[in-house]
K.L.:
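Can you keep this structure in mind? I'll have questions shortly.
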Amino acid sequence: MTQGHTITIEQGTQRVRAVHDGQVLAESDRPLILRETGCPVRYYLPPEDVRLDLLTPSETHTYCPFKGTASYWSLPGAADLVWAYPDPKPGVAEIKDHLCFYDVEAVS
């Protein structure tokens, strides 16, 4: 990690949901909560809790020096809506294959 840059991951218990245009794409009560310096809190969801049948793999890949290379998935009309780290760096190994959405909502 760069000096002053931190990433923490904790097991969440709150139910979160990812919705796009009224369609539920994921719902989980076991998100991994990732907090990273300078970034919003992100919820990484187990693949079993994501509607993978609705998503199409994208050609997009990005690199984070702290987490590794991310792969992306899209919906029709919503490119690169979801990402995951299939081979994350050792410091964030817990997020391996968990999927993250730009927007999730807490469900009461």
K.L.:
Any salt bridge (charged side-chain N to carboxylate O under 4.0 Å, His left out) involving residues 17-31? Give me the pairs, sequence neighbours left out, ordered by first then second residue.
P.N.:
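For residues 17-31, and leaving out neighbouring residues, the salt bridge (charged side-chain N to carboxylate O under 4.0 Å, His left out) pairs sorted by first residue read R15-E27, R15-D29, R17-E27, R17-E105, R30-E48, R30-D49.
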
K.L.:
Heavy-atom distance under 4.5 Å between the side chains of P46 and S28, does that happen here?
P.N.:
yes

K.L.:
Could you list all the salt bridge (charged side-chain N to carboxylate O under 4.0 Å, His left out) pairs where at least one residue sits in residues 36-46, not counting sequence neighbours?
P.N.:
E36-K67

K.L.:
Could you list the cluster mates of V24? Members are the ILVMFWY residues connected by side-chain heavy atoms closer than 4.5 Å, either directly or through other members.
P.N.:
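Answer for V24: V19.
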
K.L.:
Is there a donor-acceptor contact under 3.5 Å from the side chain of T37 to the main chain of T6?
P.N.:
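Yes; judged by distance alone, with no hydrogens or angles, the pair exists.
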
K.L.:
Between L32 and E10, is any pair of side-chain heavy atoms under 4.5 Å apart?
P.N.:
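Result no, sub-4.5 Å side-chain heavy-atom pair not found.
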
K.L.:
Can you list, pair by pair, the side-chain donor-acceptor contacts under 3.5 Å of residues 85-96, counting residues two or more places apart and other chains?
P.N.:
| residue | atom | partner | partner atom | Å |
| --- | --- | --- | --- | --- |
| K89 | NZ | Y63 | OH | 3.0 |
| K96 | NZ | P86 | O | 2.5 |

K.L.:
side-chain hydrogen bond (donor to acceptor under 3.5 Å, both in side chains) with T69: which residues, sequence neighbours excluded?
P.N.:
none

K.L.:
Quick one: side-chain hydrogen bond (donor to acceptor under 3.5 Å, both in side chains) partners of T56, sequence neighbours excluded?
P.N.:
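Applying side-chain hydrogen bond (donor to acceptor under 3.5 Å, both in side chains) to T56 gives none.
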
K.L.:
Restricting to non-hydrogen atoms, name the atom on Q11 and the atom on P31 that form the minimum distance, rounded to 0.1 Å.
P.N.:
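The answer is NE2-O, 3.2 Å.
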
K.L.:
When clusters are formed from ILVMFWY side-chain contacts under 4.5 Å, directly or step by step, what else is grouped with V82?
P.N.:
V16, L25, I33, V41, Y43, L45, V50, L52, L54, L55, W73, L75, L81, L99, F101, V104

K.L.:
D97: what forms a side-chain hydrogen bond (donor to acceptor under 3.5 Å, both in side chains) with it, not counting sequence neighbours?
P.N.:
none

K.L.:
If you round to the nearest 0.5 Å, how far is SG of C39 from CG of L34?
P.N.:
8.5 Å

K.L.:
Mind checking what makes side-chain contact (heavy atoms from CB on, under 4.5 Å) contact with S58, not counting sequence neighbours?
P.N.:
T60, Y72, S74, D80

